[in-house]
Amino acid sequence: MHDELRQLTGTILVTGGMGFIGSNFVRYLLREHPAARIVNLDKVTYAGNPRNLADLTEEPRYVFVQADVRDGEALGKALTAHGVDQIVHFAAETHVDRSILGAGDFIRTNVEGTQVLLDAARAAGVRRFLHISTDEVYGTLGSSGAFVEESPILPNSPYAASKAGADVLARAYHVTYGLPVIITRTCNNYGPFQFPEKFIPLMIVNAFRDVPLPIYGDGLYVREWLHVEDHCRALARVLAEGRPGEVYNIGSGEERTNLEVVREILRLTGKPETLLTTVKDRPGHDRRYALDHAKLRRELGWAPAIPFAAGLRQAVEWYRGHEAWWQEILSGEYRSYYQQQYGERTA
Ligand code: NAD
Ligand code: TYD
């Protein structure tokens with residue numbers, strides 16, 4: 001079924017399209033918006049995986065450009081050569097734990113890369129610049145309440161701080177230059193093609209391999225979980241009908257403690273709770289995130305459609321059916337990362 005609301009047309013530059021959400025979004029656009037063309041610009045870092053879109057090599061509405069978002073010349077060329085008129089900016093360093101090990105790449109890609117891309121967008125005169133941000137820019141919550149779009153920006157991790165820098169830069173380009181920027185801030189996504197350093201896929205692949213499932217601290221940290229397919233549908237809606245200069249929260253209302261999620265993964269994989277291991281906590285660990293997404297519901301008529309229970313079951317089945325995809329990741333750089341991240345924690 002095509003989205004019954006406005007169809008996207010023109011040429012959309014997607015940055016970071018070889019990553020988790022970006023690759024799902026490219027697929028979503030090709031399927032649901034047959035009049036849109038896509039240019040995927042990605043540096044292909046450890047998190048970018050050409051296999052995520054390997055089946056698209058013959059697709060006439062899709063082009064891949066390997067480049068760094070900090071490379072203004074490459075951006076200018078790609079925007080002009082392909083007649084890009086809209087940008088959806090996903091490319092980023094995205095893992096909080098890696099940002100704690102070292103923030104340099106996060107500042108370079110997330111802050112500087114966004115600035116270079118915003119300048120290229122201005123020069124090209126695009127009609128939409130959709131900037132993908134995160135609930136983590138708002139900081140942390142106590143046991144009740146939810147962030148609204150006007151909540152203060154109080155990031156706590158180097159990752160969140162770098163995303164906040166990008167977010168406010170994008171806003172400033174709208175105010176200063178009239179660039180048609182729209183910002184979305186979403187909660188924790190999950191689903192197919194998520195790199196197994198993130199919580200849900202890490203726990204699923206560890207469970208399949210009978211490797212301990214490392215829970216940080218007391219495991220009572222709360223995250224709000226959104227299926228990536230619901231997120232992609234929201235983004236297409238915002239790109240088509242959102243108002244420039246506005247911020248839209250994209251949430252699901254599906255809040256869970258980490259322990260609840262892991263117990264469910266163990267049940268779905270048929271593995272014992274003895275695999276569950278408490279490890280040293282993450283420094284500066286945000287206790288709870290929750291988004292109020294009433295604005296998106298009210299203005300654009302979007303609502304999440306995939307309940308967490310069904311979405312998690314589907315995700316577990318996807319990882320069960322794509323062992324070659326994650327085994328290949330586990331055999332590379334991931335091994336030294338895992339040792340560095342978890343070796344000391346579990347010692
Ligand atoms: P990911 O880590 O899976 O993918 C990031 C992609 O960006 C990779 O393909 C990588 O190669 C590319 N990239 C990194 N640096 C680049 C550079 N300098 N130039 C060009 N490409 C580069 O990330 P994701 O989980 O898909 O997240 C996508 C976006 O959504 C990010 O901006 C992230 O901050 C935001 N976000 C993600 C979540 C989540 O739960 N995954 C939640 C909120 C917001
Ligand atoms: P993560 O996927 O890193 O997302 P974020 O920190 O950006 O929300 O982590 C989600 C939650 O899971 C967070 O509270 C940290 C916790 N966590 C663990 O307990 N163990 C792990 O091995 C990882 C990666 C995360």
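One-based numbering, in listed order, for ligands and for the atoms of each. As a basis for the values below, the full set of heavy atoms in this structure was taken, side chains included, without hydrogen atoms, waters or symmetry mates.
- Listed by number with element, the atoms of ligand 2 under 4.0 angstrom from any heavy atom of Val96 are 6 (O), 7 (O).
- For Tyr46, the heavy-atom gap to ligand 1 stays at 4.0 angstrom or more.
- Heavy-atom contacts of Asn258 reach the following atoms of ligand 2: 11 (C), 12 (O), 13 (C), 14 (O), 16 (C) (cutoff under 4.0 Å).
- Of all atoms in ligand 2, numbered sequentially from 1 with element shown, those under 4.0 Å from a heavy atom of His285 are 13 (C), 14 (O), 15 (C).
- Between Asp68 and Lys43 there is a salt bridge, with a side-chain nitrogen of the basic residue lying less than 4.0 Å from a carboxylate oxygen of the acidic one.
- Interface of Met203 with ligand 2, defined as ligand atoms under 4.0 Å from a residue heavy atom, comprises 20 (N), 21 (C), 22 (O).
- The shortest N or O to N or O distance between Glu136 and ligand 2 is under 3.5 Å.
- Heavy-atom distances between Cys187 and ligand 1 reach below 4.0 Å in at least one pair.
- Ligand 1 lies nowhere less than 4.0 angstrom from a heavy atom belonging to Arg70.
- Contacts between Tyr342 and ligand 2 below 4.0 angstrom, taking non-hydrogen atoms only, involve the side chain exclusively.
- In terms of polar-atom proximity, defined here as any N/O pair under 3.5 Å, Lys43 does make such a contact with ligand 1.
- Residue, atom and distance of the protein heavy atom nearest to atom 34 (O) of ligand 1 are Tyr159 OH, 2.7 Å.
- Of all atoms in ligand 2, numbered sequentially from 1 with element shown, those under 4.0 Å from a heavy atom of Tyr289 are 8 (O).
- Ligand 1 does not have Thr15 within reach: every non-hydrogen atom of the residue lies 4.0 Å or more from it.
- Interface of Ala67 with ligand 1, defined as ligand atoms under 4.0 Å from a residue heavy atom, comprises 19 (N), 20 (C).
- Residue contacts with ligand 1 for His89 are absent, since no atom lies close enough (heavy atoms, distance under 4.0 Å).
- Only backbone heavy atoms of Val44 (N, CA, C or O) come within less than 4.0 Å of ligand 1; its side chain stays farther off.
- Those atoms of ligand 2 that come under 4.0 Å of a heavy atom in Glu197, given as number and element, are 24 (C).
- Within the 4.0 Å heavy-atom cutoff, Ser133 counts among the residues contacting ligand 1.
- Ligand 1 has no atom lying under 4.0 Å from any heavy atom of Phe195.
- When heavy-atom distances to ligand 2 are checked against a 4.0 Å cut-off, Asp286 has no atom that comes that close, whether in backbone or side chain.
- Annotation: Thr109 places an N or O atom under 3.5 Å from an N or O atom of ligand 1; distance criterion only.
- Residue contacts with ligand 2 leave out Gln341, since none of its heavy atoms falls under 4.0 Å from the ligand.
- The part of His95 lying near ligand 2 is the side chain, judged by heavy-atom distances below 4.0 Å.
- Shown in contact with Ile132 at under 4.0 Å from a heavy atom are these atoms of ligand 1, numbered in order with element: 30 (O), 32 (O), 35 (C).
- Here's the thing with Pro214: one of its N/O atoms is less than 3.5 angstrom from an N/O atom of ligand 2.
- With ligand atoms numbered from 1 in the order given, ligand 2 contributes 2 (O) to contacts under 4.0 Å with heavy atoms of Lys198.
- Using a 4.0 Å cut-off to heavy atoms of Ile215, the atoms of ligand 2 that qualify are 19 (O).
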